[in-house]
Every structure is written in C-alpha cells, then in structure tokens.
Amino acid sequence: MQGENWSPNGEAMLRGEAMLRDEPFPLYGDGEQTRDFTFISDAVEANLLAVDGPPGGVFNVGGGSRVTVNQVIAMLEELVGRPARLKRQ
C-alpha cells in the first residue's frame, strides 16, 4: 500500500534509502516476483464497496499495475545513478 503520507518502512522506500547510502540490501529469489503498489485510498474504497458484496466473497483490491522486484530495482538504479548492491538470498 502507498498513499500521500505512505510509510517509510515500505519495500521500495527501504531499498531506495539503502541505495542512497550505497549499502547492500537483500534480494530474495530471482527478483521476478511481482508487486502491485496500490494506493491506500483505492483499498479503502474497495473495502467500502465490499460491504455491499456477497457474504464470504473474494475481492481483488490490486491496482492492476504489477511490476517485478527487478523492475523496481532498475528504476531505483536509474534514479540514484549507480547499480544496486544486492545480497542475494
């Protein structure tokens, strides 16, 4: 989740801060796992709409803009201007 005042403990934020300090950070797996950075306001709206949904229903609240962890790292590398120092796990 993210929003206007999103948490500094978010995955992309922590990686970006490590890269700014030129510190290594862990990369679990091959980096092809995907993330969907959904805005908190969208999640709140989805929950409010779900109240009128069928009991026990399953709802996908993702924003529909999935990116791989590798893509996030590549974007951060471009912004910071140097390669990430990865500790592959």
Chemist: List the atom of Ala46, the atom of Val61, and the distance in Å for their closest heavy-atom pair.
Modeler: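 Shortest heavy-atom separation between Ala46 and Val61 comes out as CB-CG1, 3.7 Å.
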
Chemist: Is the closest side-chain heavy-atom distance between Asn70 and Asp30 below 4.5 Å?
Modeler: no

Chemist: To the nearest 0.5 angstrom, please state how far the CG atom of Leu79 sits from the CE atom of Met19.
Modeler: 8.5 Å

Chemist: Can you name the nearest heavy-atom pair linking Gly29 to Arg88, along with the distance?
Modeler: O-NH1, 4.4 Å

Chemist: Could you measure the distance from the CD atom of Glu17 to the CG atom of Leu76? Nearest 0.5 Å is fine.
Modeler: 11.0 Å

Chemist: Is the count of non-hydrogen atoms from other residues, nucleotides or ligands lying under 6.0 Å from Arg21 atom CZ greater than 12?
Modeler: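 More than 12 heavy atoms, drawn from other residues, nucleotides or ligands, come within 6.0 Å of this atom.
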
Chemist: Would you check if Val67 and Thr34 make a side-chain contact, meaning some heavy-atom pair closer than 4.5 Å?
Modeler: no

Chemist: If you count the non-hydrogen atoms of other residues, nucleotides and ligands that lie under 6.0 Å from CZ in Arg85, is the total more than 12?
Modeler: yes

Chemist: Could you pull out the closest heavy-atom pair between Gly53 and Phe59, with the gap in Å?
Modeler: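 Result for this residue pair: CA-CZ, 4.1 Å.
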
Chemist: Would you say Leu49 ends up clustered with Val44 if hydrophobic residues are merged whenever their side chains have heavy atoms under 4.5 Å apart, either directly or through other cluster members?
Modeler: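 No, it is not one cluster - the side chains of Val44 and Leu49 are not joined through contacts under 4.5 Å.
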
Chemist: Do other residues, nucleotides or ligands put more than 12 heavy atoms under 6.0 Å from the CD atom of Glu32?
Modeler: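 Enclosed: over 12 neighbouring heavy atoms sit under 6.0 Å from CD of Glu32.
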
Chemist: What distance do Asp42 atom CG and Asn47 atom CG have between them, rounded to the nearest 0.5 Å?
Modeler: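 Separation between the atoms: 11.5 Å.
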
Chemist: Do side-chain atoms of Gln33 reach the backbone of Gly31 as a donor and acceptor pair under 3.5 angstrom?
Modeler: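 Yes, the answer is positive, given that a donor and an acceptor are paired below the 3.5 Å cut-off.
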
Chemist: As an exercise, state the distance from OG1 of Thr68 to CZ of Arg35, rounded to the nearest 0.5 Å.
Modeler: 9.5 Å

Chemist: Using 0.5 Å steps for rounding, measure from the CZ atom of Phe25 to the CD atom of Gln89.
Modeler: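 Going from the CZ atom of Phe25 to the CD atom of Gln89 covers 11.5 Å.
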
Chemist: Is there a side-chain contact between Arg82 and Asp22 (heavy atoms, below 4.5 Å)?
Modeler: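 A side-chain contact exists here, since the closest heavy-atom pair is under 4.5 Å.
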
